[in-house]
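Working notes for the structure below.
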Amino acid sequence: MSEKKQSDIQLEKIDDNRWRVPQHGNMRVDGIVYTSETLLPHLQADATVQQVANVAQLPGIVGQSLAMPDAHWGYGFPIGGVAAFDADEGVISPGGVGYDINCGVRLMRSNLRRNDIEDSMKELVTALFKNIPSGVGSERSDLRLTEQNERKVLLEGAQWAVSAGFGTENDIEHIEERGCLTGANPDIISKEAYKRGRPQLGTLGSGNHFVEIGYVEEVYNPAIASILGLEEGGVTVIVHTGSRGLGYQVCDDFLQEMLAASRKYGIELPDKQLCCAPITSPEGQRYYSAMACAANYAFANRQIITHWIRETFERVLNMSPRELQMNLIYDVAHNIAKFETYLIDGKERKVCVHRKGATRAFPAKHPAVPSVYQGIGQPVLIPGDMGRCSYVLIGTDQAMSDTFGSTCHGAGRMLSRTAAIKRAKGRAIWRELADQGIIVKSEGRETLAEEMPEAYKNVADVVEVVHNAGISRKVVKLRPLGVIKG
DNA sequence: ATGTTC
């Protein structure tokens, strides 16, 4: 399934938000696709449904092979896919996590109002762009990470960043897993991965990665918004980035090891890109420990970038941290595999949930939700494209029973990168966005074309599906004012 | 996503 060919699998409509991929061939379970009449044609335009069916063939899969409404074709597993495997009988697969391990999003709020920064937007975007290295292969010359400290990053994640002076202890409370996955083993990471990761910590990268200044345009749930520190007109900042070259290298290193493991353990693969190993095997354990290292690097990366964002706002606006109150609301991972426990057929079962382009959406009272959010549930951060809007949602009990505590992660690409570049030929995307009051600054020559709004599905359509299905609920909508991209 | 086909 390395080709993007459309599949001819017949989907069965369950309700307005869900379609079933009935168990057939070697599938061990059904597939369930979250979508709508509006989004269904996009989902069927490539091999996404076939990939959902392929994932359902892997040993130890529990429940169903799931796809979120932003799903599209990816490496082996669909992007927007969720699959849980029994912790004893199941497999773990790098393709179910993705190349950008712990690619994720964080959201900050501030005491600023939209009109406080209108006149400073150009200066803010320029200063952010200067302060946060962006683009392919971007490096930070001021950090000078030693190899010993890089090991600590892999072990401690965002907690290392805070101990090194980037951000506060309070930030840690507002990060998924407190910014540190346990079980990381830095001895497993290849020399090559270390080499790539060292100069790139604290950098944005390219593609769909960005830092965005925006404001709260609409509030759907004032009570929850207020607990998050959000109100209409309030200025927010979103960071979207991951584990850079280090995570890519870890994935690359392990794809080969997992392919060998699949043969060794006699796992039948409908697609080589689904290569995997039993979770309990030495190879499976090694991948998890390496993945956790890359995840921790990504948590540290977003934490360090947060420090430079705060520093930039303080300097440009001449405000103190106390006046600014640029507090972290939450930080989510949307490319990761995690061990979690679910009630399945009346029995508690430990599973390894693969979320690839999918966000955890835990409900109120779940022990993994920070104490300040125990009464409301886990914040879910859904960035759209740079011209439209982004959403803050909240996790639900329904997600626990239906989707292994998961929901969508973004708008989802509609045009391929090359198709987008073709479509943008002769146009000045930056000017089109400026006409809508959005200032963008980008490093790569073709990044803005690849990332233009029409390359994406409308995130509002995606969010409507997960909201109506009840696997997360709308809290606020954010509108962009300024964006820096790779 | 990615030293964007090491």
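Letters go in sequence order (proteins before strands), and every chain restarts at 1. All values below come from the heavy atoms of this structure, side chains included, with hydrogens, waters and symmetry mates left out.
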*For A:R423, check salt bridge (charged side-chain N to carboxylate O under 4.0 Å, His left out) against everything at least two apart and list the hits.*
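Expected list: A:E454.
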*asked:* Please enumerate all residues that pass salt bridge (charged side-chain N to carboxylate O under 4.0 Å, His left out) together with A:K474, with sequence neighbours excluded.
replied: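 A:E464.
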Separation of [N] [atom2] from [X] [atom1] (nearest whole Å):
X      : N     : atom1 : atom2 : value
A:Y99  : B:dT5 : OH    : P     : 10 Å
A:K195 : B:dT2 : NZ    : P     : 17 Å
A:I79  : B:dT2 : CD1   : P     : 13 Å
A:D100 : B:dT2 : CG    : P     : 6 Å
A:Y75  : B:dT4 : OH    : C1'   : 16 Å
A:K485 : B:dT2 : NZ    : P     : 11 Å
A:D252 : B:dT5 : CG    : P     : 12 Å
A:E443 : B:dT2 : CD    : P     : 13 Å

*A:S206 side chain N/O closer than 4.0 Å to the phosphate oxygens (OP1, OP2) of B:dT2?*
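For B:dT2, OP1/OP2 do have a side-chain N/O of A:S206 under 4.0 Å.
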_Heavy-atom side-chain proximity of A:F254 to A:M291 below 4.5 angstrom_ =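 Of all side-chain heavy-atom pairs linking A:M291 with A:F254, none is under 4.5 Å.
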_Could you work out, with ring pair (Phe, Tyr, Trp, His ring centres under 6.0 Å) as the rule, every residue matching A:Y75, not counting sequence neighbours?_
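If we apply the ring pair (Phe, Tyr, Trp, His ring centres under 6.0 Å) test to A:Y75, skipping adjacent residues, the hits are A:Y99.
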*asked:* Could you work out, with ring pair (Phe, Tyr, Trp, His ring centres under 6.0 Å) as the rule, every residue matching A:Y456, not counting sequence neighbours?
replied: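 Per chain and number, A:Y456 pairs via ring pair (Phe, Tyr, Trp, His ring centres under 6.0 Å) with no residue.
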Using a heavy-atom cut-off of under 4.0 Å over every strand shown, decide if [X] touches base, sugar-phosphate, or nothing.
X      : result
A:G98  : nothing
A:Q256 : nothing
A:Q200 : sugar-phosphate
A:G207 : sugar-phosphate
A:R244 : sugar-phosphate

For a quick test of your reading: what N or O donor-acceptor pairs under 3.5 Å do the side chains of residues 56-69 of chain A make, sequence neighbours left out?
{"unit_1": "A:S65", "atom_1": "OG", "unit_2": "A:V52", "atom_2": "O", "d": "2.8"}

*Before accepting this row, confirm whether a basic side-chain N of the pair A:E147/A:K195 lies closer than 4.0 Å to the acidic partner's carboxylate O.*
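A:K195 and A:E147: not salt-bridged.
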*Taking for each residue the nucleotide of DNA chain B with the nearest heavy atom, is it A:E451 or A:V136 whose nucleotide lies nearer the 5' end?*
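On the 5' side of the pair lies A:E451.
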*Strictly below 4.0 Å, heavy-atom distances to any atom of DNA chain B: list the hits from residues 291-305 of chain A, or just say none.*
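Per residue number, the list is empty: none.
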